[in-house]
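Dumping the structure here so I can ask a few things about it.
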Amino acid sequence: MRVRIAPSPTGDPHVGTAYIALFNLAFARHHGGQFILRIEDTDQRRSSTESEQAILDSLRWCGLQWDEGPDIGGPVGPYRQSERSALYREHADLLIAKGRAYRCFCTAERLDSVRAAQKAAGQDWRYDGHCRDLDPAAGVAREAAGETCVVRLRMPRDGETAVPDALRGAVIYENHRVDDQILLKSDGLPTYHLANVVDDHHMGITHVIRAEEWINSTPKHIELYDAFGWDAPVFVHMPLLRNADKSKISKRKNPVSLEYYQRAGILPRAFVNFLGQLGYSMPDEREVFTLDDFVAQLDLSRISLGGPVFDLAKLRHINGLYLRELSPADLAGEVASWRKEDGRDAAVAELARERMETLAEFRDVEGIFASELVDWSAHCGHLLVGAASKRKNKSQVLDAKRSRGYFEAVIAALEGLRQWGPEGIEAALRGAVAKADVQVGDGFMAVRVALAGRPNAPGLFEMTTVLGRALTLARLRAVVTWLKGKTSKNLFEQRREQLARELKALDASEARVRLAEQSGGRFDPKEG
RNA sequence: GGCCCCAUCGUCUAGUCAGGUCCAGGACAUCGGCCUUUCACGCCGACGACGCGGGUUCAAAUCCCGCUGGGGUCACCA
């Protein structure tokens, strides 16, 4: 039995990828088969080698090692779709020759207008079949003459297609509702649908275990297998991981980057344990288990189809269980290696060096990097763009909404960065400052506080570089969340109440100290 | 909106396929207590669910239908 994980290198390594990879790997190992990693980089515009590397690193961090893949090779490579384009072209031609696909010369403009007309008529969007019955010879000629075209699947207009899902039984789709999907784009590269089916076949994939979001495109895939004359693999659609509000897990509402969990100090085996109990339960109801245990007992029929909410609290609990099980020496070892990951220790030392007078002060700087989120509540005024500025008049100073817009611009700019480094970060921040029309100093101070939790911290761009993309974005998003729905007024009320509470606590403790002195040290603080 | 999937405590889930042993069990979170110089851990306890309505049946969380709710998907992105 052969299974695969087929991530697209278009962003941060995603928790969903690890989730699906876990079940694939466990399935392969349980049955003595192979687990393959294939990179689906057919979207030239969005794919990057940095992202690919990050995905490989993160999956390995999870301990989900593949048997064949782009970095280690294997018998049915290459394992990167961008290196197999000739294969897809051949297969597209094959389908055209069989009459199961056709060239389509429709322009984006025509498609747009058809789409608009269908929408106006209250219909679903589907390709109208304009080029479906074009003479194939004429198509060849037009293409030879330099006209650009795509290749579309000739989906049957009647009948229905049953998708045999291993967990759901047969899911029936009426063929006339299924679109004539583009298989080969005008840049000559395949879409997911073609590349996926061709590769799964040639790589000998027997079971396709993937997320449920794919189930609606499976009839197209079944049609493709049929058109090629191939046997379709077994399909297993896993439930989708969810945000707390039950929507599909997203970076807006959850940390979804595996790098985040790595940097936040989650143990890989705890993380995998956590994933293994989402939408799944061990036959003996055990909730703490190793990857080997998981592999040994895996039974796909135990998967629950309701989408599980990705609950950080539970993850932290499980992680704590693993941490407490460690001997002090082993725990120290884990901490040490965690600090050294990706050269972070040295990078932090470089930042700390110029601002310390004793070794102990290293901790002040290190603290910025060694946790998931920082507490900036004592400096929240700085997060309101302009609050620290004496140049501004008061109406500009207290604008939470404006601050939020600025932070959202910062997040967007940073998300789009390909190379995570001081130059790129500076450019991104300057861009956001300009876009939101805030003073450079105010804007930078706000980000500094959002990331470090305080106004005095290492150089902003260097600090952000060392912090890493995942934690940086998580902290910025935390600020946006906090700013949401907050008016300047209640911000200040809140802060004033907080100060009042702190003062009161301070008074109480001072009173206790005084009492203790008066009673000759026999004072029991509990009675205070 | 069309199509598709799903539905047990706030959350993860057991139980559903093979109806009775389930006035529904465990875990997280929350709250309370014990332990303890503090906090945490640990231990004990509390709170808390079969979405609704019809059937079928001696018997339904379990089977059937409808409704409601949630989600996904409708790209020259995957």
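For clarity, every value in this text was computed on a predicted model and none was experimentally measured. Every chain is numbered from 1, with letters handed out A, B, ... down the list of sequences.
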Practice problem: Can you tell me the pairing partner of B/rA7 across any strand shown, Watson-Crick or G-U wobble, with both distances under 3.5 angstrom? | Solution: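 When the pairing criteria are applied, B/rU68 turns out to be the nucleotide that pairs with B/rA7.
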Exercise. Output, in order, the C-alpha distance, side-chain angles, deciding distance and verdict of side-chain contact (heavy atoms from CB on, under 4.5 Å) for A/Met203 and A/Arg4.
Key: CA-CA 9 Å; A/Met203 293 183 173; A/Arg4 46 56 168 192; over 6 Å; no
Practice problem: Compare side-chain N and O positions of A/Thr10 against OP1 and OP2 of B/rA78 and report whether any pair is under 4.0 Å apart. | Solution: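 Indeed not, no polar side-chain atom of A/Thr10 lies that close.
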Quiz item: Please give, in whole Å, the distance from B/rA14 P to A/Asp299 CG?
Solution: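 Rounded to whole Å, this separation is 12 Å.
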Quiz item: Do A/Phe23 and A/Phe27 have ring centroids that are under 6.0 Å from one another?
Solution: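 For A/Phe27 and A/Phe23, the ring centres are not under 6.0 Å apart.
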Self-check item: Identity of whatever pairs with B/rC43 - Watson-Crick or G-U, under 3.5 angstrom
Solution: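 Its partner is B/rG33 (Watson-Crick or G-U wobble, both distances under 3.5 Å).
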Quiz item: Within less than 4.0 Å of OP1 or OP2 of B/rA75, is there a side-chain N or O belonging to A/Trp125?
Solution: yes
Quiz item: Would you say B/rA75 has OP1 or OP2 under 4.0 Å from some side-chain N or O of A/Lys185?
Solution: no
Quiz item: Going by the angle between their ring planes, with limits at 30° and 60°, are A/Phe274 and A/Phe271 parallel, tilted or perpendicular?
Solution: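 Rings of A/Phe274 and A/Phe271: tilted, as their planes differ by 30° to 60°.
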Quiz item: Per the salt bridge (Lys or Arg N to Asp or Glu O under 4.0 Å) rule, which among A/Asp71, A/Asp199, A/Asp67 passes with A/Arg38?
Solution: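 Going through the options one by one, the only one that passes is A/Asp199.
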Quiz item: B/rG72, B/rG71, B/rC77: which one has an atom nearest the side-chain heavy atoms of A/Asn216?
Solution: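 Nearest to the side-chain atoms of A/Asn216, counting from C-beta on, is B/rG72.
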Practice problem: Hey, can you tell me if A/Tyr192 and A/His221 have their rings parallel, tilted or perpendicular (30° and 60° cut-offs)? | Solution: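 Ring orientation, 0 to 90° scale: tilted.
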Quiz item: For B/rC22, which nucleotide in any strand shown is its Watson-Crick or wobble partner with both distances under 3.5 Å?
Solution: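 Check on B/rC22: unpaired, no WC or wobble geometry under 3.5 Å.
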Practice problem: Determine the interatomic distance between C1' on B/rU62 and the same-named atom on B/rC50; round to the nearest Å. | Solution: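 Per the computed distance, 10 Å lies between those C1' atoms.
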Quiz item: Is the closest side-chain donor-acceptor distance between A/His202 and A/His91 under 3.5 Å?
Solution: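 Note: A/His202 and A/His91 side chains meet the donor-acceptor criterion.
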Quiz item: Just to confirm, is there a sub-4.0 Å distance from OP1 or OP2 of B/rG26 to any side-chain nitrogen or oxygen of A/Arg286?
Solution: no
Quiz prompt | Listed nucleotide nearest any side-chain atom of A/Asp124, set B/rG1, B/rU73, B/rC5 | solution =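 Among B/rG1, B/rU73, B/rC5, the one nearest the side chain of A/Asp124 is B/rG1.
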Practice problem: Could you work out which one of B/rA29, B/rA14, B/rC4 sits closest to the side chain of A/Ser304? | Solution: B/rA14
Quiz prompt | Geometric cation-pi criterion, A/Arg269 with A/Tyr322: 6.0 Å, 45° | solution =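 The answer is no, since A/Arg269 fails at least one limit relative to A/Tyr322.
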Quiz prompt | For RNA chain B, the residues among residues 1-8 of chain A that have a non-hydrogen atom under 4.0 Å from it | solution =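 Heavy-atom contacts with RNA chain B come from A/Ser8.
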Quiz prompt | Opposite nucleotide pairing with B/rC74, Watson-Crick or G-U, both atom distances under 3.5 Å | solution =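 Checking every strand shown, B/rC74 finds its partner in B/rG1, with both distances under 3.5 Å.
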Quiz prompt | From B/rC3, B/rG72, B/rA29, nucleotide with atom closest to A/Tyr173 side chain | solution =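 Among the listed nucleotides, the one closest to the side chain of A/Tyr173 is B/rC3.
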Quiz item: Is the phosphate of B/rC17, meaning OP1 or OP2, less than 4.0 Å from a side-chain N or O of A/Ser301?
Solution: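 Checking A/Ser301 against B/rC17: no side-chain N or O falls below 4.0 Å of OP1 or OP2.
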Quiz item: Which part of the nucleic acid, if any, lies within reach of A/Val150 when heavy atoms closer than 4.0 Å are counted: base, sugar-phosphate only, or nothing?
Solution: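 Base: the residue A/Val150, judged by heavy atoms under 4.0 Å, touches a nucleobase.
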Quiz item: If we call it a pair only when both distances are under 3.5 Å in a Watson-Crick or G-U wobble match, what pairs with B/rU38?
Solution: none
Quiz item: Of all the nucleotides listed (B/rG42, B/rC77, B/rC5), which has the minimum atom distance to the side chain of A/Leu321?
Solution: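 Looking only at heavy atoms from C-beta outward on A/Leu321, the closest nucleotide is B/rG42.
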Quiz prompt | 5' precedence on RNA chain B between A/His317 and A/Arg302 (nearest-nucleotide basis) | solution = A/Arg302
Quiz item: Roughly how far apart, to the nearest Å, are B/rA27 and B/rG20 at atom P?
Solution: 24 Å
Quiz item: Within 45° of the axis and under 6.0 Å from the centre of the six-membered ring of A/Phe310, does NZ or CZ of A/Arg242 qualify?
Solution: no
Quiz item: Which base, if any, makes a Watson-Crick or G-U wobble pair with B/rG48, both distances under 3.5 Å?
Solution: none
Quiz item: Closest nucleotide of RNA chain B for A/Gln81 versus for A/Asp179: which of these residues is on the 5' side?
Solution: A/Asp179
